[in-house]
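Comments concern the structure below.
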Amino acid sequence: MSPDPKAFPQAARDALKDPLLRPALGRLKTHFGAGRAAAVQRYGDFESLREAGKAIRDHAVTHLDDLLVTFEASVNARGGTVHWARDASEARRAILTILQDAGAGTVTKGKSMVTEEIALNPFLEANGIVPVETDLGEYIIQLRKEPPSHIIAPAFHLSKEQVAQTFLAAHTGLDPKRSLEERNALVQEARAILRAQFETADAGITGANFLSAADGAAVIVTNEGNGDLTRLLPKTHIVVTGIEKVVRDMTDVAVLLRLLPRSATGQPISTYVSVMAGPRGTAETDGPENFHIVLVDNGRSSLIGTEAQDVLRCIRCSACINHCPIYGAVGGHAYGATYMGPIGAALNPGVMGVAEAAHHANASTFCGRCAEVCPVMIPLPKIMRHWRAVEYSSGLAPKAITRGLGLWAFAAKRPALYRFGTRVAARLLRLMASSGMVRALPVKNGWFAVRDFPAPHGKTFQQQWKARR
Amino acid sequence: MSTRPRVGLFVTCLVDLVRPQIGFAAVKLLEQAGCEVHVPPTQTCCGQPAWNAGADGHAREIARNVVAAFEGFDYIVAPSGSCAGMIKRHYPEVFETDAVWLPRARALAAKTHELLSFLVKVCGMTGVTAQYAKRVCYHDSCSSLREMGVKAEPRALLATVGGLSIGELSDPQVCCGFGGLFSVKYPEISERMADDKIADACATGAGALIGGDLGCLLHLKGRMARQGKTLEVRHAAEVLADMGGEPALGEP
């Protein structure tokens, strides 16, 4: 598997040939698609909820500076500390400094895509700190040394048999003859091992689904409770998140909390909703003694004021990924990036550069299903098309495409020439056909790599229409 | 003076080149519905391939040609949700920063329709007299479904065809993998999507796959031929215009 977005075509071809991936991806529809559809149906006026969510996130994106200033003041008032990180490197260093100041040797982690984005774990390991992922899916892929293949279900690409093999190989202190056939046995084993980690960790790191500016609070949703154990047990808690997650207040958060789980897993609400605001108070017996929030920009603010700005509304629910036929065919690893599927296709070219992530924007049929299910109505195909336009105008598009389009457009702007060309083409294609099909052209890639082409029956419509009238 | 609505038929470049009988079927249906049909000879293509590829300059120039060719009619109708969607949904984006052409593009967009939904919603057509004794499944193109909101109309009209019965696909809202240049740029992904769609179509027990967009149909039929599958593939307009006896797509 390649972490290189430019390698998408080959990685996608490899993924299509992976016999284990197909049944895993087949579960998208039953796991998430059907759940979302039922949840939307039960809710009733989901469209109004989407409108409300869009308005809240739009307000956040267009008032980001004010909200972040308010947020920082609120965090400070509660005794927490905000750290600003312009890029991945600054974020990693800020986190390392906090951990070193705390004398931390091990750190438990709740699920956080931003820490994947900034490649935090290898950096911590290189600096002598052991990170332990505690979300079950994240824990599994950490053992396998793989990146997440999905935003909310990082180990979605694996079967329970693969997970059992992973545990047998990793948990060497346990009876090698134990049965790991049942899903519950896997969960219980991970639970038991992680419990000891929670109790001994020096620090905890979580992400944030939302930040409330008015309260200086970070909110996370989980289904495993590992987020609470990560943030409550160690002395130091660090929230690492993108700057765009901030909204006005808990009233805004409450609306988004109705949208997120329904769009993601089809749940009316997640099992846990945790609100994290500052270190423990003097009269409190639980919670961290030190509370830090690392706010990561890493290219996000550069999207403000551009045609891709709406992508910052994203609440990372994965509905677009769960309903994307391209993702459903190749899975998340083929993208070679932290964010995959339609949201990755709209976000990655903006933050990584079009030269790096152009395949993500191109690998879409523009079927529009992602925009249809997006809880905050991000026009994902429109943003992907924007990146294609940037690619085209920067001269980065493949020459075969630009030359072909140029030739075709030259004719399409000249109706007489175009009609002549189509007459010739119709005739040629008919001559090349056998039993109604053009079987192959000299080119062995593109259309004819996997398909024949139904041949014209003779004259073009315009030719025949002119003859009839 | 005729009070019949003057309809400019946008033939679509694929129909013009590969399957002219879809154009003639559209003319027949529109005339049955009481329209006066015109086919501007200066039309070429709607410009969608250029627009989707990000070639905005090319797309604008081609779109101007379409606007100029069709703005004089009461309606512009295309036997394709994809081309109709390009004109209706995307021309206003194509000319977003063009003060001269934007109002003209918007005016054209407002009177642009996909053929089957035009017949039902605007012309009030409730049925046809055609015969086609087959069980069929209907493939919704993504543009028809999501850009033009066409879903019930083709099924309603097809249900009135003599001898025809419809078996629904299990996943009618899922893309078939055509996507214009996508099918050329990422053929293997496109292949997987086509194979899933074809398997779904075959599972309905249908003898024919009917659709409203030639792009999807060329892709699916082309793939079926490579697989050795013999499911008949046709545009819905052909069946509705009682031209279902003619050779199907890709048949000699």
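Below, all heavy atoms of this structure are taken into account, side chains as well, without hydrogens, waters or symmetry copies. In what follows, chains are A, B, ... by sequence order, proteins preceding strands, each numbered from 1. Quantities reported herein were computed from a predicted structural model and do not represent experimental measurements.
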* Contacts of residues 244-252 of chain B with chain A (heavy atom under 4.5 Å) -> B/P247, B/A248, B/L249, B/G250, B/E251, B/P252

* Identify the two heavy atoms, one from B/I87 and one from B/Y91, that lie closest to each other, and give their separation to 0.1 Å. => O-CB, 3.2 Å

* Side chain from CB out, backbone as N, CA, C, O: work out which of these in A/A397 comes under 4.5 Å of a heavy atom of chain B, or both, or neither. => neither

* Which region of B/V27, side chain (C-beta onward) or backbone (N, CA, C, O), has a non-hydrogen atom less than 4.5 Å from a non-hydrogen atom of chain A, or is it both or neither? -> side chain

* Stepwise salt bridge (Lys or Arg N to Asp or Glu O under 4.0 Å) check, B/R19 with B/E238 -> CA-CA 10 Å; B/R19 192 94 179 141; B/E238 299 173 46; 2.6 Å; yes

* Between B/D213 (side chain) and B/C216 (backbone), is there a donor-acceptor pair under 3.5 Å? -> no

* Asked: Is there a donor-acceptor pair closer than 3.5 Å between any side-chain N or O of A/R385 and the backbone N or O of B/N52?
  -> no

* To do: Give, as side chain, backbone, both or neither, the part of A/W387 having an atom under 4.5 angstrom from any heavy atom of chain B.
  => neither

* Side chain, backbone, both or neither: which part of A/H323 has an atom under 4.5 Å from a heavy atom of chain B? -> neither

* Which residue out of A/V330, A/I326, A/T402 racks up the most heavy-atom pairs below 4.5 Å with chain B? -> A/I326

* Structure fact -> Under 4.5 Å to a heavy atom of chain A? For B/D56 that would be side chain

* To do: Identify which of B/V15, B/V184, B/L181, B/D16 forms the greatest number of heavy-atom pairs closer than 4.5 Å to chain A.
  => B/D16

* For the residue pair B/F70 and B/F10, does the interplanar ring angle fall in the parallel (under 30°), tilted (30 to 60°) or perpendicular (over 60°) class? -> tilted

* Asked: Checking B/K88 side chain against B/A109 main chain: does a donor-acceptor pair fall under 3.5 Å?
  -> yes

* Asked: Quick one: what part of B/R223 sits under 4.5 Å from any heavy atom of chain A, side chain, backbone, both or neither?
  -> both

* Asked: What are the two closest non-hydrogen atoms of B/P187 and A/V450, and how far apart are they?
  -> O-CG2, 3.7 Å

* Is any side-chain heavy atom of A/R36 less than 4.5 Å from a side-chain heavy atom of A/V373? -> yes

* **Residue part contacting chain A, namely of B/K221, when any heavy atom lies under 4.5 Å** => both

* chain A contacts, top residue of B/A55, B/C142, B/G179 (heavy-atom pairs, under 4.5 Å) -> B/A55

* Structure fact -> Looking only at heavy atoms, the pair that brings B/P41 and A/P415 closest together is O-CB, 4.5 Å

* Asked: Between A/F453 and A/F448, how do the two ring planes meet: parallel, tilted or perpendicular, split at 30° and 60°?
  -> tilted

* Asked: A/R468 versus chain B, heavy atoms under 4.5 Å apart: side chain, backbone, both or neither?
  -> side chain

* Structure fact -> Counting heavy-atom pairs under 4.5 Å with chain A, the top scorer among B/E147, B/H90, B/E188, B/R146 is B/R146

* With a 4.5 angstrom heavy-atom cut-off, could you sort out which part of A/E391 is near chain B: side chain, backbone, both or neither? => neither

* Is chain B contacted by the side chain of A/S364, its backbone, both, or neither, given a heavy-atom distance below 4.5 Å? -> backbone

* Tell me whether the guanidinium CZ or amine NZ of A/R13 lies under 6.0 angstrom from the six-membered ring centre of A/F8 and within 45° of its axis. => no

* For A/R22, is it the side chain, the backbone, both or neither that has a heavy atom under 4.5 Å from a heavy atom of chain B? -> side chain

* What part of A/L16 lies closer than 4.5 angstrom to a heavy atom of chain B: side chain, backbone, both or neither? -> both

* Asked: Would you say A/R388's side chain and A/N362's backbone share a donor-acceptor pair under 3.5 angstrom?
  -> yes

* **Which portion of B/C176 sits near chain A, non-hydrogen atoms under 4.5 angstrom** => neither

* Pick from B/I22, B/N65, B/D171, B/L145: which one has the most heavy-atom pairs with chain A under 4.5 Å? -> B/D171

* **Contact check, side chains of B/L102 and B/E96, non-hydrogen atoms, under 4.5 Å** => no

* Hey, can you tell me if A/F461 and A/W465 have their rings parallel, tilted or perpendicular (30° and 60° cut-offs)? => parallel

* Structure fact -> Max heavy-atom pairs within cutoff under 4.5 Å with chain B, candidates A/A412, A/A329, A/A426, goes to A/A412

* Asked: When only pairs under 4.5 Å are counted, which of B/H219, B/R64, B/E191, B/Q21 shares the most heavy-atom pairs with chain A?
  -> B/H219

* Test item: B/F178 and B/S82 side chains (from C-beta on) under 4.5 Å apart, heavy atoms -> no

* Asked: Tell me, side chain or backbone of B/E93 under 4.5 Å from chain A's heavy atoms, or both, or neither?
  -> side chain

* Polar contact flag, side-chain donor to acceptor under 3.5 angstrom, A/K413-B/H58 -> yes

* Compute both the distance and the angle, then confirm whether A/R414 meets the cation-pi test with A/F410: under 6.0 Å from the six-membered ring centre, within 45 degrees of the axis. => yes

* Heavy-atom distances under 4.5 Å only: say whether B/V39 touches chain A with side chain, backbone, both or neither. => both

* Asked: Of the backbone (N, CA, C, O) and the side chain (C-beta and beyond), which part of A/K459 lies under 4.5 Å from a heavy atom of chain B, both, or neither?
  -> backbone

* Asked: Which residue out of B/T44, B/V233, B/I62, B/L220 racks up the most heavy-atom pairs below 4.5 Å with chain A?
  -> B/T44

